[in-house]
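Convention: sequence-line order gives letters A, B, ...; per-chain numbering from 1. Quick caveat, the model's predicted, so the values are computed rather than measured.
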2 protein chains.
Amino acid sequence: MGPEVWAVVRASSVKDVAALAGVSLGTVSNVLNRPDRVSPATRSRVEDAMRELGFVRNESARQLRAGHSRTLAYVLLDARNPFFTDVAEGAERAAEAAGLSLFLCHSDNRASREGDYLAHLVEQRVQGILVTPVDPHATVLDDVRRNGTPLVIVDRTRDDGAFCSVAVDDVLGGRLAVEHLVERGHTRVAFIGGPDTIGQVRDRLEGARAAWADAGLPDDQLTVVPTDGLTVVEGRSAGERLMGIGTRRRPTAAFCANDLLALGLLQQLSTSGATVPGDLAIVGYDDIEYAAAAAVPLTSVRQPRQELGRRAAELVLDEATNPDHVHEQLVFTPELVARRSTFS
Amino acid sequence: MGPEVWAVVRASSVKDVAALAGVSLGTVSNVLNRPDRVSPATRSRVEDAMRELGFVRNESARQLRAGHSRTLAYVLLDARNPFFTDVAEGAERAAEAAGLSLFLCHSDNRASREGDYLAHLVEQRVQGILVTPVDPHATVLDDVRRNGTPLVIVDRTRDDGAFCSVAVDDVLGGRLAVEHLVERGHTRVAFIGGPDTIGQVRDRLEGARAAWADAGLPDDQLTVVPTDGLTVVEGRSAGERLMGIGTRRRPTAAFCANDLLALGLLQQLSTSGATVPGDLAIVGYDDIEYAAAAAVPLTSVRQPRQELGRRAAELVLDEATNPDHVHEQLVFTPELVARRSTFS
DNA sequence: TTGTATGCGTTATCAA
DNA sequence: TTGATAACGCATACAA
């Protein structure tokens, strides 16, 4: 009979370890949590027993007793959008630094799934939740708060100050994009984005319009091309509609509400033989990795994505551990990164 | 004094609910778990108390008592690669169907982070773990098994049959790609991919070589262009090297080990003014959404990504619940999707 | 330095 | 139909 041929019937507990090592249960616990308080001899005896049994601490029991968990979670809208995975990466690093694990939950833009995840996380009593919600005003968020789980809203805001949040000044971002296009001499510009239930989309358009008005350009030369979402496919479809406009009235530049739209638009244009920026200049938003690496490198509005995630994690930890915590709404400043898609 | 102005001091427990409703603790538990065994009158009284206190079941305690959790986890290599998020989506749906939650853990290709997550998940006693490991032969995986947590390897395989796994026949995939290029008349082809520590890369190259040999073409006309990873950036760099070869000896087609490489290559070519497929035909691998939507739609080898995730989740659940479970190594068949990048 | 005892919140068994 | 009680595995206060 070789070693370890028996099946695992039940995971071993501190009790099993104590029995095998010939010590008490409390001593095993001390080896685990305050190894300094136990003599080297017994400690190694206990550690041998742990190894032999393949002992793994039961986190449920630990958490029940300790009263707090060692995990954070980020509930995100779209795992395929590099913007969110970059935010997640920033949060992940902050969590790692604090000795916590970060679990990602993909709501896929569906309120029901978001609600299920939130409920589960509250039941799990995680240390804190980061969430980019489908709707920042939905009451599910208040329910989480009511149950005492710290929650930070990421990349969205709420006017009532009920939560910490981290976001970027999207009105300013929209302004930067359009100011850039105006400087480049464009007098007919399209704004591509939607649906306008998304606050970001509204804000970026608002900033765009403000810059447009400031430049003294007429309202009807800023065309809005609505989309049903912020995806590559929607960008291609918007491109078709845009190129359907007669050349005389067609905008000479487009400001897209995010980079995925811009990439879709870019692809549609090169399929139909149009050139960028010759036939159409393009400004995107988010400055995702693919923006710089696109066939025509994309001018884009950069957001400090990792920073967003990092600060969100820090805020949620502060809320979890600091009794004097007060909610903060952080607003970061975006930055325009000019590339070939707006330079002929 | 308005309602709910008091701070949350401690989440309420069944005990609190019982006290407020004027019933025993066991009755509250019955309302939670076997509502039929309690009279409508007391049930609604208990439910009112729950609402008033904002009671939420403590999952740690539930799990400690019940002995099993309600969560699955998928530890993935690269959250930015749509391949993995599609696999995750398939797993998510299977989990949802089984009434479980799926947590995503991003190892970011780092063995240490993978190990941390795995250890944490085992401590949490999750129902099962799906993992696309940095190294399928690493002993961390065996440690998980030893501790009794079901584990399924995704998109990788191990020869020893110690785990369930779901994967795609990559040798066949490589063969399909090169057979296609040979049919299109190419006699100088580049294989772009690396590092060859990745089993996939080796397999796809092996299939490519087999097809090449079967076609009776000379070894030295299948050039290997090694890369340090499977990313867009690496694809661009490979493109530069490829275009540095004199036109007389330069391959007329490239088979990339994944679509991100192919997209990077495509971008590099259009930057340098080369045309696809005129100057270089391209075949990618994975058929991610962006492949079809690229500036030149990409011929690619499609893998059943969601199916992979779905079956992996089913296998891990079988291992978790079926005492007669036997390990299975599922191998799916890839399929070539021909698009413009190989048709002039 | 080590052992003993208690309780975290829940579920389930059993008795009333 | 409802109530009392034990147990899950662990960490800690306290006693030895």
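- Set against C/dG9, C/dA5, C/dT11, the side chain of A/L64 has C/dG9 as its closest nucleotide.
- In this structure, B/F103 CZ and A/L121 CG are separated by 4.5 Å, a value rounded to the nearest 0.5 Å.
- When only modelled atom types and interatomic distance are considered, A/D160 and A/H137 share no side-chain donor-acceptor pair under 3.5 Å.
- Atom CD in B/Q63 sits roughly 15 Å away from atom C1' in C/dC8 (whole-Å rounding).
- Under 3.5 Å, the side chains of B/S60 and A/Q63 contain a donor-acceptor pair of N or O atoms.
- For A/N58 and C/dC8, the CG to C1' distance is 13 Å, given to the nearest whole Å.
- Taking CD of A/E52 as the start and OG of A/S12 as the end, the distance is 10.5 Å to the nearest 0.5 Å.
- Residue A/V28 is out of contact with every strand shown, counting any heavy-atom pair closer than 4.0 Å.
- Side-chain contact annotation: A/D155 with A/Q200, donor-acceptor N/O pair under 3.5 Å present.
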Q: Evaluate side chain to side chain donor-acceptor pair (under 3.5 Å) for A/S165 paired with A/Q329, printing each intermediate quantity in order.
A: CA-CA 5 Å; A/S165 62; A/Q329 284 78 39; 4.7 Å; no
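- More than 12 heavy atoms of other residues, nucleotides or ligands shown are found within 6.0 angstrom of CZ on B/R110.
- Taking the C1' atoms of five terminal pairs at each end of the helix from C/dT1-D/dA16 to C/dA16-D/dT1, the two resulting helix axes are inclined by 40°, rounded to 10°.
- Of all nucleotides in DNA chain D, those with any atom nearer than 4.0 Å to a heavy atom of chain B start and finish, going 5' to 3', at D/dT1 to D/dG9.
- Residue-to-nucleotide proximity on DNA chain D shows that, of B/R125 and B/G26, the 5′-proximal contact is made by B/G26.
- For the pair A/C164 and A/L315, the tightest heavy-atom approach, listed with the atom from each and the gap, is CB-CD1, 4.1 Å.
- Between the P atom of C/dT11 and the CZ atom of B/R70 lies a distance of 12 Å, rounded to the nearest Å.
- At a threshold of 4.0 Å, the pair B/R158-B/D142 counts as salt-bridged, since one of the basic side-chain nitrogens sits closer than that to a carboxylate oxygen.
- Take the nearest nucleotide of DNA chain C for A/N30 and for A/L25: the residue whose nucleotide is more 5' is A/N30.
- At whole-Å resolution of the value, CZ in A/R65 and P in C/dT10 are 16 Å apart.
- Side-chain N/O atoms of B/S29 include none lying less than 4.0 angstrom from OP1 or OP2 on C/dT10.
- For B/E47 and B/R51, the salt-bridge test fails: no basic side-chain N is under 4.0 Å from an acidic carboxylate O.
- Heavy-atom distances under 4.0 Å link DNA chain C to no residue of residues 37-46 of chain B.
- When each of B/R34 and B/A61 is assigned the nucleotide of DNA chain C bearing its nearest heavy atom, the one mapping closer to the 5' terminus is B/A61.
- A close approach under 4.0 Å does occur between a side-chain nitrogen or oxygen of A/T27 and OP1 or OP2 of C/dG3.
- Of the options A/R57, A/R62, A/R70, a salt bridge (charged side-chain N to carboxylate O under 4.0 Å, His left out) to B/E123 is made by A/R57 and by none of the others.
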